[in-house]
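Note sheet for the following structure.
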Amino acid sequence: MALDGRDPVQIDDALRPALFDWLCRLGDNALILGHRTSEWCGHGPALEEDIALANTALDLIGHCQMWLGLAAEVEGQGRTADQLAYLRDAMAFRNVKLVELPNGDIGQTIMREFLFDAFHFELLTALSTSPNTRVAEIAAKALKEVAYQLDRASDLVVRLGDGTEESHARMQAALDHLWPYTGEMFTADAVDTAMTEAGIAPDLSDLHTRWTATVKDILDEATLTLPERRFDVHTGGKQGRHTEHLGYLLAEMQFLQRAYPGAEW
Amino acid sequence: MYAQMIKSESSNDDPQALAEFQARIDRGERIEPKEWMPEGYRKTLIRQIGQHAHSEIVGQLPEGNWITRAPTLERKQILLAKVQDEAGHGLYLYSACETLGVTRDELFEKLHSGAMKYSSIFNYPTLTWADMGAIGWLVDGAAIMNQVPLQRTSYGPYARAMVRICKEESFHQRQGYSIMMKMAQGTPAQKEMAQDALNRFWYPSLMMFGPSDAESVHSTQNMAWKIKINTNDELRQRFVNETVPQAEYLGLTVPDEHLRWNDDKQGYDFSEPDWDEFFEVLKGNGPCNEERLGARRKAWDDGQWFREGLSAYADKQAARRTAAE
């Protein structure tokens, strides 16, 4: 039993580095998207949106805390979720590039949330039955919130896509802009493959099939057109090769921990 | 306070109806939306609740300024939850206002044009993380002083909104104090930040209650209507009495050399804030008036296409349903 009474993470030692990396991907996606979403606080297009966006950010930061907490435990170096969030530099971050892009207008923010949530929902659904109980526990908890987030984002994509001429044009522009970043979510590398082979994580190509079906359905209903260009133009975030935007995000997020090392808050 | 210097509107209603209305209030009855009320009562309430609602919404901004820089994941979550609560308070209060016959959009328009105000306190900048502590502790603390009695206000929807709001505000005050505690007991640099935050927010917090109104006709009318329960001076004194020992416990110094316990009145004597500064801030000359109102106008203007998109979709859906019938 671990100190907190939960089961220890069942994993071969040889797989630990890959599992750590993979858990950081889950945690960092939540952290960075949560950060971007939180930037809307007080600046939303309607009071209800301010509340909903803050709520989404809150959920994502909560998921990040659970995934990075587990990552730290797997790593076994005595680091905490906070230390992983606040004291790694950009090259050690494992989120996909999609989530670190600046928010753009509210349409782009919602379109990104939808494209990511549709993936996140499928991933967590699969992970909630993972034989690794610790992973399954966190996934099941996060899934409840992500299911709601996906509903909300899908609903808004449909309404805005099929709203006015302007809202339609803005949603289409958002989709066109974000599309080449979406492929990274489904591009498996050695870490993903190791997790799939260990039976912990689903095959990303299965997720891709289900994601595509959801995305097509919603975009159809929203009267939006699926871009014809490649969807995997911008990859590398999962391996720590990010866009220029992440450095600025981290400089802001990590400022206090960097400026006052060792202080407690 | 979140509502400052609320002028009461006079009523040209039938004197007998006015007297009966006053008798209901004196008996402690609650006034509900569909019941008769004097025009002055209605207008004054719209002004007061509207200003309170605007303060909640603008109040998201100074704290929102630190969400992306919160020093730990837990602090980030707590701050997000707090700012989200404030948006929620705005929503209850705008809804309470709507029961008086004014829409949220109309109130927003008045905020954006400057015709309606929000609390002076939100025109001060948040410069360090300790300001998150000072705002929770002092600003929410001052708000609670006013809002707890308002749970007994005569207008039903306002009183009920206040019951929910007060529960959340006391959590906000505790989280603010917990930030101050960590910092006051932390490194010398943290303690310096905490003291600096207290120095900057002390007098603006005292201003939140508004200038002395013991002699004001507006105050007398509003108190008779039980829209206002205590005078500004009573609340300010109560706030100082409660807050000074809390500052002492933190090991911080209240920036007032005249502050001392007065045994006769069983309260502290303290210096008045600079009322010229207060009136300048109300006039738009505070450090952040332009940023705060500018941010709210920008959010509203940038969101226009979004709101229009949603309405257009709703209209199309309604037309589709009609066509299908």
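Letters A, B, ... mirror the listed sequences (proteins, then strands); counts begin at 1. Excluded from the calculations below are hydrogen atoms, water molecules and symmetry mates; all remaining heavy atoms, backbone and side chain alike, are included. All values reported here derive from a predicted model rather than from experimental measurement.
Residue contact with chain A, scored on non-hydrogen atoms closer than 4.5 Å, involves the side chain of Gln190(B) exclusively. Of the atoms belonging to Leu53(A), not a single heavy atom falls under 4.5 Å from chain B. Of the two parts of Ala57(A), the backbone and the side chain both hold a non-hydrogen atom closer than 4.5 Å to a non-hydrogen atom of chain B. Contact of Thr72(B) with chain A is made through backbone and side chain together, with heavy-atom distances under 4.5 Å. Heavy atoms closer than 4.5 Å to chain A are found in both the backbone and the side chain of Glu74(B). Glu165(A) does not touch chain B: none of its heavy atoms, backbone or side chain, sits under 4.5 Å away. Using a 4.5 Å cut-off between heavy atoms, Leu31(A) contacts chain B through its side chain alone, with no backbone atom that close. Only the side chain of Arg170(A) comes within less than 4.5 Å of a heavy atom of chain B; its backbone N, CA, C and O stay farther away. Proximity to chain B (any heavy atom under 4.5 Å) is shown, for Ala81(A), by both the backbone and the side chain. Contact annotation for Ala189(B): only side-chain heavy atoms (C-beta onward) come within less than 4.5 Å of a heavy atom of chain A.
The number of heavy atoms from other shown groups lying within 6.0 Å of CZ (Arg297(B)) is above 12.
With chain A as partner, the option from Ala312(B), Pro71(B), Ser311(B) having the largest number of non-hydrogen pairs under 4.5 angstrom is Pro71(B). Of the listed residues (Gln65(A), Glu166(A), Arg36(A)), the one with the most heavy-atom contacts under 4.5 Å to chain B is Gln65(A). Interface check for chain B: of the options Glu49(A), Glu39(A), Met171(A), the most heavy-atom pairs under 4.5 Å are formed by Glu49(A). Your options are Arg69(B), Gln304(B), Glu63(B), and the one with the most heavy-atom pairs under 4.5 Å with chain A is Arg69(B). Residue with the most contacts toward chain A among Met193(B), Met181(B), Gln185(B): Met193(B) (heavy-atom pairs, distance under 4.5 Å).
Ring geometry for Tyr94(B) versus His54(B): interplanar angle of 30 to 60°, hence tilted. A tilted orientation is assigned to the rings of His112(B) and Trp300(B), their planes being inclined by 30° to 60°.
Between Lys216(A) and Asp220(A) there is no salt bridge, since no side-chain N of the basic residue sits under 4.0 Å from a carboxylate O of the acidic one. With respect to the salt-bridge test (charged N to carboxylate O, under 4.0 angstrom), the residues Asp21(A) and Lys238(A) do not qualify.
Applying the salt bridge (Lys or Arg N to Asp or Glu O under 4.0 Å) rule to pairs touching residues 304-325 of chain B yields Asp162(A)-Lys316(B), Asp162(A)-Arg320(B), sequence neighbours excluded. A salt bridge (Lys or Arg N to Asp or Glu O under 4.0 Å) check over residues 83-108 of chain B, counting only residues at least two apart or in different chains, returns the pairs Glu48(A)-Arg104(B), Lys82(B)-Glu86(B).
For residues 172-180 of chain B, heavy-atom neighbours of chain A at less than 4.5 Å comprise no residues at all.
The closest side-chain heavy-atom distance from Met162(B) to Tyr92(B) is not below 4.5 Å. Residues Asp105(A) and Trp305(B) are in side-chain contact: their nearest non-hydrogen atoms beyond the backbone lie under 4.5 Å apart. Counting heavy atoms from C-beta on, the side chains of His63(A) and Glu145(A) come closer than 4.5 Å.
No hydrogens or angles considered: a donor-acceptor pair under 3.5 Å links the side chains of Gln147(B) and His52(B).
In this view, Gln257(A) satisfies the side-chain hydrogen bond (donor to acceptor under 3.5 Å, both in side chains) rule with no residue, not counting sequence neighbours.
Nearest heavy-atom pair across Cys97(B) and Val102(B) is O-CG1, 3.4 Å.
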